[in-house]
Amino acid sequence: AQKVTQAQTEISVVEKEDVTLDCVYETRDTTYYLFWYKQPPSGELVFLIRRNSFDEQNEISGRYSWNFQKSTSSFNFTITASQVVDSAVYFCALSAMNYGGATNKLIFGTGTLLAVQP
Amino acid sequence: GAVVSQHPSRVICKSGTSVKIECRSLDFQATTMFWYRQFPKQSLMLMATSNEGSKATYEQGVEKDKFLINHASLTLSTLTVTSAHPEDSSFYICSARVPPGAKYEQYFGPGTRLTVT
């Protein structure tokens with residue numbers, strides 16, 4: 001069975017603080033994808049990153065960085081120097097990898113509400 | 001990038017009526033679309049996988065006779081909530097899968113907020 005756990009339901013930080021959102025996953029698949037999405041109050045999901053299971057390199061994109069560790073089944077997301085505009089719900093998601101590399105249905109975690117105070 | 005639209009963005013209907021939600025891929029062909037449901041302050045739960053030209057595959061616990069899915073073309077999938085009740089009030093989001101090799105592979109629509117009174 002596939003499962004994604006985001007143990008932090010809500011996090012509140014002050015602007016310019018760094019914050020890490022945790023994600024732990026479970027899957028029996030040997031090949032899979034991991035995702036992070038941002039959902040602002042408008043509701044639309046904003047894609048942030050996709051990693052495949054055979055690429056454990058950490059990634060940095062501006063103030064965002066991701067730490068993927070298969071040994072602990074974790075895919076954590078760090079925002080450096082947080083800003084008020086980062087306030088949103090963040091979802092971690094897991095997908096099996098189909099033949100040809102296509103994604104399958106996404107299994108979402110319960111989300112973490114991040115509130116960045118000015 | 002690929003764009004997915006949903007219509008309507010918001011709908012209010014009376015209990016017992018049916019509501020149709022459209023999901024369109026605007027600039028690509030999607031053989032597979034997914035329908036998700038999100039209750040307030042909760043996660044997204046997959047309802048069904050919609051494949052063009054064939055019957056949808058429903059997740060366990062989702063009533064196929066209540067949530068009718070039709071994927072008649074490569075750019076359009078529809079979700080019809082039949083005989084809606086207040087407990088069906090939710091945020092419905094679709095995603096469309098592009099062919100392998102595309103950077104994102106699944107693009108999400110903006111969602112449809114359904115309120116049943």
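All values below were derived from every heavy atom in this structure, side-chain atoms included, with hydrogens, water molecules and symmetry-related copies excluded. Each chain gets a letter, A, B and so on, in the order the sequences are listed, and its residues count up from 1.
Residues of residues 107-118 of chain A having a heavy atom under 4.5 Å from any heavy atom of chain B, listed by number: A:F108, A:G109, A:T110.
Checked against the 6.0 Å centroid threshold, B:F108 and A:F47 do not count as a close aromatic pair.
Contacts between A:Q39 and chain B at a heavy-atom distance below 4.5 Å involve the side chain alone, from C-beta outward. B:Q38 touches chain A through its side chain: at least one heavy atom from C-beta onward sits under 4.5 Å away, while N, CA, C and O do not.
Linking Ile, Leu, Val, Met, Phe, Trp and Tyr whenever their side-chain heavy atoms come within less than 4.5 Å leaves B:M45 and B:Y58 in two separate clusters. Residues B:L46 and B:F91 share a single hydrophobic cluster, defined by chaining ILVMFWY side chains whose heavy atoms lie under 4.5 Å apart. Under the 4.5 Å side-chain heavy-atom criterion for grouping Ile, Leu, Val, Met, Phe, Trp and Tyr, B:L76 is not connected to B:F67 through any hydrophobic cluster. Tracing side-chain contacts under 4.5 Å through hydrophobic residues (I, L, V, M, F, W, Y), one never reaches A:L34 starting from B:Y107; they form parts of separate clusters.
In plain terms, the two heavy atoms of B:G109 and A:E44 that are nearest each other are O-CG, 4.4 Å.
For B:E87, the CD atom counts as densely surrounded, since its 6.0 Å shell holds more than 12 non-hydrogen atoms of other residues, nucleotides or ligands. Atom NE2 of B:H7 has 12 or fewer neighbouring heavy atoms from other residues, nucleotides or ligands inside a 6.0 Å radius. Around NZ of B:K64, the count of heavy atoms belonging to other residues, nucleotides or ligands within 6.0 Å does not exceed 12.
Residue pairs meeting the salt bridge (charged side-chain N to carboxylate O under 4.0 Å, His left out) criterion with at least one member in residues 38-58 of chain B, sequence neighbours excluded, do not occur.
Expressed to the nearest 0.5 Å, how far CG of A:L45 lies from CG of B:L44 amounts to 5.5 Å.
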